[in-house]
Amino acid sequence: MHSLGHTRSARRDDHLLHTPDTFVRASWPGMINAVAIVHVSPAIGAAFTQYTAELGADGYLPATSMQRFVYVLSGEAQVADASLGAGGFAYVPSGDVGAVRTRSGSRVAVIEKPYVALPGTSAPAMFTGHEAHQSPQPLNGDADLEVRALVPADASFDFAVNTMAYRPGAALPMVEVHVMEHGLLFLEGGGIYRLGDAWYPVTEGDFIYMAPWCPQWFGALGKVPAKYLIYKDWNRAAS
Ligand code: UGY
Ligand code: MN
């Protein structure tokens with residue numbers, strides 16, 4: 001049905017809510033049977049890029065010169081010699097073999113960022129994993145809010161990617177205001193997200209960008225758990 005000009009998408013100085021009804025798909029040079037929805041990039045002032053790539057049969061997303069994190073949302077995908085199903089993920093360092101291939105089709109969340117070296121440590125190597133195999137940690141002792149770290153707690157990494165799962169009724173214990181920026185993709189369920197001075201109903205498929213110091217809070221609503229994938233810059237001094 002026609003939207004009659006209405007959408008939940010909203011762009012403010014310190015945040016962006018990007019809902020599926022407003023997604024615009026484009027194919028870039030080098031992509032084969034694939035399109036991307038860019039959710040956030042340096043064009044909005046972010047220090048990273050995040051997009052959803054939708055690959056059809058025999059689809060292909062070329063490698064990039066930046067470090068890349070790939071999370072499979074659905075279907076199957078290959079990164080280097082690793083085969084990933086839904087919930088699988090891969091980290092590929094800068095300038096490495098980060099192309100994504102699929103035989104039968106796949107939807108993948110992709111995060112890219114120029115690597116910031118840390119003197120005394122060497123850049124991380126490629127690794128893969130599966131979200132379900134990462135051990136859940138309660139946030140501040142709250143068993144209703146589980147965090148799974150998908151990137152190792154190792155200072156050589158300059159970003160973190162976590163999933164956060166909220167049982168119905170669970171909420172962040174405080175309004176956070178911090179220097180790190182976030183890219184957030186809703187995987188399941190929904191609730192109310194506070195961003196800046198606005199409160200938004202949010203649900204599966206929505207994307208949120210939070211700029212540095214964007215006030216943020218979330219409470220899960222409904223009968224099923226809410227889960228999101230969240231990126232933040234990490235392990236480097238603010239400068
Ligand atoms: O890691 C975080 O900063 C996380 N707690 N933020 C969020 O969920 N909005
Ligand atoms: Mn936060």
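Worth knowing before you read on, the calculation uses all heavy atoms, side chains too, and leaves out hydrogens, waters and symmetry mates. In listed order, ligands and their atoms are each counted from 1. Fair warning: this is a prediction, and the values are worked out from it, not measured in the lab. Position 1 is the first residue of the sequence; numbering continues from there.
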Sole candidate of Leu73, Val108, Val38 that passes side chain to side chain contact (heavy atoms under 4.5 Å, CB included) when paired with Thr52: Leu73
Between Tyr193 and ligand 1, find which residue part has any heavy-atom pair under 4.0 Å and reply side chain, backbone, both or neither. side chain
How does Asn162 reach ligand 1, by side chain, by backbone, by both or by neither, if only non-hydrogen atoms under 4.0 Å count? neither
Looking only at protein heavy atoms, which one is nearest to atom 8 (O) of ligand 1, and how far off is it? Tyr228 OH, 2.7 Å
Taking heavy atoms and a distance under 4.0 Å, where does Glu176 meet ligand 1: side chain, backbone, both or neither? side chain
Of Phe207, Phe23, Trp28, Tyr71, which is the lone residue that meets ring-ring contact (aromatic ring centres under 6.0 Å, His included) with Tyr51? Trp28
Suppose we only allow N, O or S atoms; which atom of Glu176 ends up nearest to the Mn ion (ligand 2)? OE1
Ring-plane angle category for Tyr193 and Tyr228, please: parallel below 30°, perpendicular beyond 60°, tilted otherwise. tilted
So the atoms of ligand 1 within less than 4.0 Å of a heavy atom of Ile230 turn out to be 6 (N), 7 (C), 8 (O), 9 (N)
Going by the order shown, which atoms of ligand 1 are within less than 4.0 Å of some heavy atom of Lys232? 1 (O), 2 (C), 3 (O)
How wide is the angle at the Mn ion (ligand 2) between NE2 in His178 and NE2 in His182, to the nearest 10°? 90°
Does Met180 come within less than 4.0 angstrom of ligand 1, counting non-hydrogen atoms of the residue? no
For Ser27 and Ala34, indicate whether the former's side chain and the latter's backbone hold a donor-acceptor pair under 3.5 Å. yes
Hey, what's the ring geometry for His130 with His133, parallel, tilted or perpendicular (30° and 60° as the breaks)? tilted
Would you mind telling me which of Tyr91, Trp234, Phe69 makes a ring-ring contact (aromatic ring centres under 6.0 Å, His included) with Phe157? Tyr91
When you look at Thr7 and Asp21, which way does the side-chain hydrogen bond (donor to acceptor under 3.5 Å, both in side chains) test go after all the steps? CA-CA 7 Å; Thr7 180; Asp21 54 304; 2.6 Å; yes
Is it true that some N/O/S atom of Met180, main chain or side chain, lies under 2.8 Å from the Mn ion (ligand 2)? no
